[in-house]
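Counting starts at 1 for both ligands and their atoms, in listed order.
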Amino acid sequence: MKHFILFGPPGAGKGTQAAKLVEKYNFLHLSTGDLLRSEIKKGTELGKAAKELIDKGFLVPDEIVEGMIKDQFIKNPDVKGFLLDGFPRTVVQAEHLDDMLKELGEDVTGVISIMIPDGMVKERIRHRAQIEGRADDTSDEIIENRIQTYHAKTEPLISYYKKAGKYKEIDGIGTIEDIFGKICKVI
Ligand code: AMP
């Protein structure tokens with residue numbers, strides 16, 4: 001099986017590209033953001049706890065997202081591969097992902113990083129807010145928190161995966177089709 005991680009700052013286009021990649025390669029798309037939003041919609045205890053943090057632009061605890069991912073791995077043993085989107089977001093999550101995949105006799109095939117500058121993150125998120133109406137896309141303060149969180153907690157993953165020889169970066173500025181083409185080449 002092949003397992004790819006879609007990496008990049010908020011608003012880089014991971015979700016958009018994931019939808020296209022799933023159609024082409026038949027991966028199972030696992031977005032921790034989508035899984036958390038679905039828990040919030042269902043009104044579960046997990047959803048309520050996560051909402052407070054998500055709405056402020058902070059990360060939810062590693063154990064919560066790792067538990068959700070592990071659940072999905074167990075429920076879907078026969079897939080062609082996983083396309084992880086928004087996970088891992090901390091070095092601890094990355095280490096635990098390695099452990100979880102190892103237990104299944106698998107490992108991360110590659111990390112595809114879609115890079116855009118901070119200024120564009122804000123622009124993209126403001127645009128998405130009008131389309132998707134996500135609560136965490138609405139205020140500049142929350143968006144700023146998410147950018148800061150990305151730099152502080154998520155960016156260290158770049159060297160983690162570079163060291164593992166699994167990191168591939170592509171320029172996230174361009175049309176959806178251009179970027180999709182570049183990702184397909186990497187895959
Ligand atoms: P996303 O849809 O990937 O932008 O995620 C929306 C929000 O969900 C993030 O700002 C975090 O609060 C939370 N979240 C999603 N994935 C993770 C993760 N892997 N670790 C911690 N929090 C996460």
Show the numbers, then the answer: is there a salt bridge (Lys or Arg N to Asp or Glu O under 4.0 Å) between Arg128 and Asp137?
CA-CA 7 Å; Arg128 183 170 70 189; Asp137 279 348; 2.9 Å; yes
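The ring of Phe82 has its center no closer than 6.0 angstrom to the ring center of Phe27.
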Enumerate donor-acceptor pairs with a distance under 3.5 Å from any side-chain N or O in residues 101-109 to protein atoms, sequence neighbours excluded.
{"residue": "Glu106", "atom": "OE1", "partner": "His3", "partner atom": "NE2", "Å": "3.0"}
{"residue": "Thr109", "atom": "OG1", "partner": "His3", "partner atom": "N", "Å": "2.7"}
{"residue": "Thr109", "atom": "OG1", "partner": "His3", "partner atom": "O", "Å": "3.4"}

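Residues forming a ring pair (Phe, Tyr, Trp, His ring centres under 6.0 Å) with Tyr160 (at least two apart in sequence, or on another chain): none. When the salt bridge (charged side-chain N to carboxylate O under 4.0 Å, His left out) test is applied to Glu45, the partners found at least two apart in sequence or on another chain are Lys48.
Remark: Lys20 is positioned above the aromatic ring of Phe180, its terminal NZ or CZ atom under 6.0 angstrom from the ring centre and at most 45 degrees off the axis.
Among protein residues, Thr32, Gly33, Leu36, Arg37, Ile54, Phe58, Leu59, Val60, Val65, Gly86, Phe87, Arg89, Gln93, Arg134, Asp136, Arg146 come within 4.0 Å of ligand 1, judged on heavy atoms.
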